[in-house]
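Only one structure is covered here, and it is reproduced in the block below.
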Amino acid sequence: MTKDDDTPFSYPVKVGHISGNPVEVTLSADAEERAGLAKLWSVLEVKALSATFQVMRWKRDGVRLKGHVEADIVQACVVTLDPVEAHIDEPVEVVFVPEGSKLARLPAATETGEMLLDPDGPDAPEVFTGDTIDAGVVAAEHVALAIDPYPRKSGAGFSGHIESTDADDKKPSPFAVLKDWKKD
């Protein structure tokens, strides 16, 4: 597997080499990978990225990655554009199944055509092609989803911005002009 601009952090795992016993894998991004991730995520800097996974078989031909990712990033404050540091620590649990597996099928629809999904239940398995899954991409995706889209430096506020009051927001009645129209 080769690296490209879409996957600056890659750690391929051969599915055929995974046994029934869990194997612990620890990943850490080097300076070049962190620079690529910073560009991909549109942040100022990725100071550190590491992941620890237990890689194990799932059912007959699936693979489960379970563990956590940690990252230290620097973003620009949405108010002042000053650097804001953030620490991300996210749990990870992903199941992969090969393409065409019966386990990858979505639940069947009811007679009315509705699909009943449990939002608090486990995620549907991810499908992989070939004989490898990329644990580095899984780690990067989980960090990317945890990045605050609107980072704000502590104490930063919008100056010069005046909030309107309820009286300002109240819409005038279209009949208000008629109240003084005819007075006798």
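Keep in mind it's a predicted model, so treat the numbers as computed, not measured. For this chain, numbers begin at 1 and follow the sequence in order.
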request  = Decide side-chain contact (heavy atoms from CB on, under 4.5 Å) for L40 and F9; before the verdict, give the C-alpha distance in whole Å, the side-chain angles of both, and the deciding distance to 0.1 Å.
outcome  = CA-CA 11 Å; L40 178 68; F9 185 53; over 6 Å; no

query = To the nearest 0.5 Å, how far apart are CD in E93 and NE2 in H142?
reply = 9.5 Å

ask   = About how many Å separate CD1 of I133 and NZ of K14, when rounded to the nearest 0.5 Å?
value = 12.0 Å

Residue that, paired with P8, satisfies side-chain contact (heavy atoms from CB on, under 4.5 Å) out of L37, V137, V46 = L37

task = Write down the atom of A71, the atom of L49, and the distance for their closest heavy-atom approach.
result = CB-CD1, 3.9 Å

message = Quick check: closest heavy atoms across E90 and A146, and the distance to 0.1 Å?
response = CG-CB, 3.5 Å

ask   = Same hydrophobic cluster for L65 and I88, using side-chain heavy-atom links shorter than 4.5 Å among ILVMFWY?
value = yes

inquiry  = Working to the nearest 0.5 angstrom, can you tell me the gap between I18 CD1 and R64 CZ?
reply    = 12.5 Å

ask   = In terms of hydrophobic clusters joined by side-chain contacts under 4.5 Å, are V69 and V74 together?
value = no

remark   = Residues P98 and F128: closest non-hydrogen pair is N-CE2, 3.4 Å

key: Hphob cluster co-occupancy, V25 + V92, side-chain heavy atoms under 4.5 angstrom   = yes

request  = Mind running side-chain contact (heavy atoms from CB on, under 4.5 Å) on V97 and W58 for me, showing each step along the way?
outcome  = CA-CA 8 Å; V97 293; W58 184 76; 3.7 Å; yes

ask   = Between atom CD of Q75 and atom CD of E85, what is the distance when rounded to the nearest 0.5 Å?
value = 11.0 Å

ask   = Do V15 and V55 sit in the same hydrophobic cluster, where Ile, Leu, Val, Met, Phe, Trp and Tyr count as joined when their side-chain heavy atoms come under 4.5 Å apart?
value = yes

task = Please step through side-chain contact (heavy atoms from CB on, under 4.5 Å) for the pair V84 and R152, ending with a clear verdict.
result = CA-CA 7 Å; V84 177; R152 184 183 271 189; over 6 Å; no

key: Exam field: side chain E33 to backbone D30, donor-acceptor pair closer than 3.5 Å   = yes

remark   = d(T132 OG1, Y11 OH) to nearest 0.5 Å is 12.5 Å

Distance (rounded to the nearest 0.5 Å) between R34 CZ and I73 CD1 = 13.5 Å

request  = Show the numbers, then the answer: is there a side-chain contact (heavy atoms from CB on, under 4.5 Å) between F53 and V13?
outcome  = CA-CA 12 Å; F53 296 127; V13 176; over 6 Å; no

key: Heavy-atom closest pair, residues V78 and Y150   = CG1-CA, 3.7 Å

